[in-house]
Amino acid sequence: MFVTDKNQKSSYDVIVVGSGAGGGQSAYTLCMDGAKVLMLEAGRKYVPETETPMFQTPDLAPLAAASTPDKPFGFYDATVDGGWEVPGEPYARASEEDAGRFEWWRARMLGGRTNHWGRISLRNGPYDFKPRTRDGLGLDWPISYEDVAPYYDKVELLIGVYGSNEGLENTPNSSPGCLLPPPKPLVSDLMVAQRAKRLGIPVIPGHRAVLTQPLDFKNSPARLHPGNARAQKIIADDMRKRAACLWATSCGRGCAIRANYQSTTVHLPPALASGNLDIRTDAMVYEVTVGRDGRANGVNFVDRTSGKHRHAAARVVILAASACESVRILLNSKSERFPEGLANSSGKVGRYLMDTVGSSVDGQIPLLESLPPLNEDAADGHQMYVPWWLYQEQHAGKLDFARGYHIEFGGGKRMPDHGTGAGLEWLTGGSYGAKFKQDVRRYYGSFVGFAGRGEMIPNDQSYCEIDPVMKDKWGIPVLRFHWQWSDHEMRQAAHMQRTFADIIEAMGGRVHGEVKTDGAKAIAPGGSIIHEVGGAIMGSDPKSSVTNRWGQTWDVDNLIVADGGVFASNADKNPTLTIMALAWRASDHILERMRRKEL
Ligand SMILES: Cc1cc2nc3c(=O)[nH]c(=O)nc-3n(C[C@H](O)[C@H](O)[C@H](O)COP(=O)(O)OP(=O)(O)OC[C@H]3O[C@@H](n4cnc5c(N)ncnc54)[C@H](O)[C@@H]3O)c2cc1C
Ligand code: SF4
């Protein structure tokens, strides 16, 4: 249930800070197994079933739903009280230059960024957990793919992920029955696949957390919660209430019929139904409190509705406020015993901040012009994608950068909006009236866009720390970001540009704009791909890492980090499925330790 000052209990088994992918998964796993959990979420309560503008058309919104500074992804985007800036909650940057700039996207709402994320859900492969062993760069994880694979299976079964098993290198197959069938490709997808193949580039079905058919509520519950009849019943009942996708709306607005994954529609309802979850929204946590024994005993937070400072107590504290926010809480939790911040005896809290390498190229394809009217709203993107295909060439030293990227691409005729028909001058030379209408009809649906998503190697120059001066409106010290790409990432971005241009040309198309062969110009700023991870990395040595293989901090054994903070590398695969798999694994470990009376 939702709690306030009046009915918050005096103590809980576990406090979970944050309600996004990491917090939602942790609360779900713990509550389904009987632990009493308090979830503290800085944002407001958010109810997708009633608040999601699924069917509103752009003309009903201000500026035809175009992007504005307070709604960067357009008027209907699900983000509440957030975006590139959060009012009253600034952060500092050591550099404003493009090369050293870090951008930070936050959401202040129940469910966090999972309400509007892209839902692309790729597994890390075996190489991705041992990158240093493979090429001598970066850091290895203290765990391997085999440790995480059973949890990838569970998360896929629970949230619903479409895709296919292709058996490609470092692109793992899921266990039988875990994936839902992929959606039908668009005409443009098929054409990309056909022409990319000629260049030796594989195109396979994408993996996205969208239900292409109802979940298997008969068989999956027993696989998710073996031996736990109550949990099986709760999740079977909940799975029945999730509808399959209707292929007509935009997932970034959220999904009122619960056909895609959002923490608010997938993790929190069954956790609440267990009777074991209390949620307190508008609770901005700023400190983990520690008892005389050096163990965490709760957290301090600001009630954003009253501005009052409050405390909550528990036997275990999980930080899942998103990678950088969890770092901020740790660094702000200073005490005599922990003068450099909590869990920071290694000095590594905030270090090895990573994002994904991003670069994109768009093109226009004459063969796709003037197609008959088609309903191509489809799966809202990522019907198909290109996994990294040059592992062997890279390993043999034939490329001038060390790590790979995958390609996300899109095309087709989505619902027209304020941008449809704009910017055609590079093709038409400018047109008006009847000719303009003809041009719009001719070119609508003939564009394809390619975006690379590549691995970044952690480095000493990319990190966050507490700014010595700046505070947010609650008086809480804020983060200051330092950022630097290495040559590996910049050369990788240049390779993306050349590859995308090659595919567009193989499709008989024209590249829009310049192909940037200078990687420094081709690469998107740090943080802008919104895959920030690291800052509380896991490792096998307390001197060089913040947590052990379970996300449990070395210095405080009942304090666990369950978001992207623990990532020791950032593979090209989008991070959220891995965040959830690791959060489930960490929570299972907490339950096991509780049973052994260690916690
Ligand atoms: C537009 C967009 C598209 C994306 N697409 C993809 C994709 O396709 N695939 C993918 O893998 N990833 C994608 N991501 C990234 C994905 O959203 C994140 O990796 C994921 O949400 C991280 O989960 P999290 O639980 O760590 O953080 P969040 O989802 O950000 O949740 C953290 C929660 O903690 C709360 N919080 C923060 N600070 C405090 C505090 N001090 N006290 C209490 N609560 C606090 C926040 O309000 C928030 O609700 C995308 C992100 C965006 C913005
Ligand atoms: S496209 Fe499907 S999953 Fe996405 S919001 Fe619409 S119904 Fe939901």
Side-chain angles (χ1 to χ4, degrees), residues 16-26 39-44 46 48 52 54-55 72-73 77-84 86 89 105-122 160 183 206-212 242-265 267 280-287 299 301-302 304 319-326 328-329 332 356 377-382 408 453 472 474 476 529-533 561-565 573-580 583:
V16 174
V17 180
S19 62
Q25 183 62 65
S26 304
M39 172 177 275
L40 294 170
E41 165 53 50
R44 74 157 168 85
Y46 172 71
T52 306
M54 270 177 98
F55 297 105
F73 285 8
D77 179 63
T79 307
V80 171
D81 291 341
W84 295 118
V86 175
E89 296 188 35
W105 180 286
R106 292 165 289 171
R108 288 282 173 266
M109 62 197 296
L110 191 64
R113 292 176 292 183
T114 68
N115 293 299
H116 73 140
W117 69 308
R119 278 101 181 162
I120 296 172
S121 300
L122 304 174
H207 289 229
R208 250 181 112 233
V210 169
L211 306 191
T212 48
R242 292 186 60 197
C245 178
L246 45 77
W247 311 120
T249 56
S250 160
C251 294
R253 300 178 180 197
C255 189
I257 62 168
R258 306 174 64 199
N260 62 31
Y261 166 75
Q262 302 173 214
S263 171
T264 35
T265 57
H267 281 136
R280 184 157 177 170
T281 51
D282 291 300
M284 181 77 193
V285 174
Y286 58 89
E287 182 179 26
V299 299
F301 61 97
V302 177
R304 300 202 322 158
L319 294 181
S322 79
C324 301
E325 278 283 355
S326 292
R328 183 183 175 203
I329 295 169
N332 277 331
T356 291
D377 279 334
D380 200 8
H382 206 65
E408 300 172 6
R453 296 288 179 255
D472 69 11
W474 317 109
I476 309 168
I529 306 301
I530 323 181
H531 289 168
E532 80 285 354
V533 296
V561 180
D563 52 31
K573 285 81 171 187
N574 317 43
T576 309
L577 189 76
T578 302
I579 291 176
M580 291 192 255

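These numbers were taken from a predicted model, which means no experiment stands behind them. Just follow the structure's listing: the first ligand is 1, and inside any ligand the first atom is 1.
Here's the thing with Gly118: one of its N/O atoms is less than 3.5 angstrom from an N/O atom of ligand 1. At a 3.5 angstrom cut-off on N or O pairs, Ile120 counts as close to ligand 1. In terms of polar-atom proximity, Ala323 is not counted as a contact of ligand 1, lacking any N or O under 3.5 Å from an N or O of the ligand. For ligand 1, the polar-atom distance check against Gly112 finds a nitrogen or oxygen pair separated by under 3.5 Å. For ligand 1, none of its N or O atoms has an N or O atom of Val17 under 3.5 Å away. Looking at ligand 1, you won't find any N or O of Gly23 less than 3.5 Å from one of its N or O atoms. The shortest N or O to N or O distance between Ala42 and ligand 1 is below 3.5 Å. Any N or O atom pair closer than 3.5 Å counts here, and His116 shares no such pair with ligand 1.
Across every non-hydrogen atom of Tyr286 and Asn332, the tightest pair is O-CB, 3.6 Å. Ser263 and Ser19 get closest at one heavy-atom pair: OG-O, 2.8 Å. Contact detail for Thr576 and Ala21: the closest heavy-atom pair is CG2-CB, 3.5 Å. Counting all heavy atoms, side chain and backbone alike, Ala107 lies closest to Thr79 at CB-CG2, 4.1 Å. Closest non-hydrogen pair, Ser326 versus Ala320, comes out as OG-N, 3.8 Å. Across every non-hydrogen atom of Thr114 and Gly20, the tightest pair is CG2-C, 3.9 Å.
Contact atoms of ligand 1 toward Val285: 40 (C), 41 (N), 42 (N), 43 (C) (distance under 4.0 Å to a heavy atom of the residue). Residue Ala107 has at least one heavy-atom neighbour below 4.0 Å for each of these atoms of ligand 1: 46 (C), 47 (O), 48 (C). Residue Leu246 has at least one heavy-atom neighbour below 4.0 Å for each of these atoms of ligand 2: 2 (Fe), 7 (S). In the vicinity of Gly254, heavy-atom distances shorter than 4.0 Å reach the ligand 2 atoms 5 (S). The contact set between ligand 1 and Ala283, taken as ligand atoms under 4.0 Å from a residue heavy atom, comprises 42 (N), 43 (C). For ligand 2, the atoms closer than 4.0 angstrom to any heavy atom of Cys245 are 1 (S), 2 (Fe), 3 (S), 7 (S). Near Ile329, with a cut-off below 4.0 Å to any heavy atom, the atoms of ligand 1 are 41 (N). For ligand 1, the atoms sitting less than 4.0 Å from at least one non-hydrogen atom of Gly22 are 25 (O), numbered in the order shown with element in parentheses. Applying the 4.0 Å criterion to heavy atoms of Asp563 picks out, from ligand 1, the atoms 26 (O). Against a heavy-atom cut-off of under 4.0 Å, Arg119 is close to the following atoms of ligand 1: 7 (C), 8 (O). Listed by number with element, the atoms of ligand 1 under 4.0 Å from a non-hydrogen atom of Arg108 are 37 (C), 46 (C), 47 (O).
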List the steps and the verdict of salt bridge (charged side-chain N to carboxylate O under 4.0 Å, His left out) for Glu532 and Arg113.
CA-CA 12 Å; Glu532 80 285 354; Arg113 292 176 292 183; 2.9 Å; yes

Side chain to side chain contact (heavy atoms under 4.5 Å, CB included) between Arg280 and Leu40: does it pass, once the steps are laid out?
CA-CA 5 Å; Arg280 184 157 177 170; Leu40 294 170; 3.7 Å; yes

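Put simply, Cys251 stays out of reach of atom 2 (Fe) of ligand 2, with no N, O or S atom under 2.8 Å from it.
Glu41 pairs in a side chain to side chain contact (heavy atoms under 4.5 Å, CB included) with only one of the listed residues (Val16, Asp282, Val285, Leu110), which is Leu110.
The CG atom of Asn574 sits 7.5 Å away from atom CZ of Arg453, with the distance rounded to the nearest 0.5 Å. Atom-to-atom distance recorded for Ser322:OG and Asp563:CG is 6.0 Å, nearest 0.5 angstrom. Separation of atoms OG1 (Thr212) and CH2 (Trp247) is listed at 5.5 Å; rounding is to 0.5 Å. The line from CG of Leu211 to CG of Leu246 is 11.0 Å long, rounded to the nearest 0.5 Å.
In this structure, the protein non-hydrogen atom closest to atom 15 (C) of ligand 1 is Ile530 O, 3.2 Å. From the protein, the heavy atom lying nearest to atom 34 (O) of ligand 1 is Gly18 CA, 3.3 Å. Among protein heavy atoms, atom 29 (O) of ligand 1 sits closest to Arg113 N, 3.1 Å. For atom 1 (C) of ligand 1, the nearest non-hydrogen atom of the protein is Phe73 CE2, 3.1 Å. The protein atom (non-hydrogen) at minimum distance from atom 31 (O) of ligand 1 is Gly20 CA, 3.4 Å. Protein heavy atom nearest atom 8 (Fe) of ligand 2, with residue, atom name and distance: Cys255 SG, 2.3 Å. With hydrogens left out, the protein atom closest to atom 49 (O) of ligand 1 is Glu41 OE1, 2.7 Å, a heavy atom. Looking from atom 27 (O) of ligand 1 to the surrounding protein, the closest heavy atom is Ser322 CB, 3.4 Å. Given atom 12 (N) of ligand 1, the protein heavy atom at minimum distance is Thr576 OG1, 2.8 Å.
For the residues Asp380, Val210, Thr249, the heavy atom positioned nearest atom 1 (S) of ligand 2 is part of Thr249.
Residue Trp117 touches ligand 1 through backbone and side chain together, judged by heavy-atom distances below 4.0 Å. Heavy atoms of Ser121 found under 4.0 angstrom from ligand 1: none, in either backbone or side chain. Counting heavy atoms closer than 4.0 Å to ligand 1, residue Leu40 contributes backbone atoms (N, CA, C, O) but none from C-beta onward. Contacts of Arg253 with ligand 2, taken as heavy-atom pairs under 4.0 Å, are absent altogether.
A donor-acceptor contact shorter than 3.5 Å links the side chain of Arg119 to the backbone of Trp117. Not one N or O on the side chain of Arg108 forms a donor-acceptor pair closer than 3.5 Å with the backbone of Asp81. Remark: the backbone N or O of Glu89 is not paired with any side-chain donor or acceptor of Asp472 at under 3.5 angstrom. Between the Arg208 side chain and the Ala379 main chain, a donor and an acceptor come within less than 3.5 Å of each other. Asn115 contributes no side-chain N or O that, together with a main-chain N or O of Gly254, makes up a donor-acceptor pair within less than 3.5 Å.
Side-chain N/O atoms of Gln25 and His267 include a donor and acceptor closer than 3.5 Å.
Heavy-atom distances between Met109 and ligand 1 reach below 4.0 Å in at least one pair. Under the 4.0 angstrom criterion for non-hydrogen atoms, Tyr286 is not in contact with ligand 1. Distances shorter than 4.0 angstrom occur between a heavy atom of Met54 and an atom of ligand 2.
Between Met54 and Arg253, every side-chain heavy-atom pair lies at or beyond the 4.5 Å cut-off.
Between His116 and Phe73, the ring-plane angle classifies as tilted under the 30° and 60° cut-offs.
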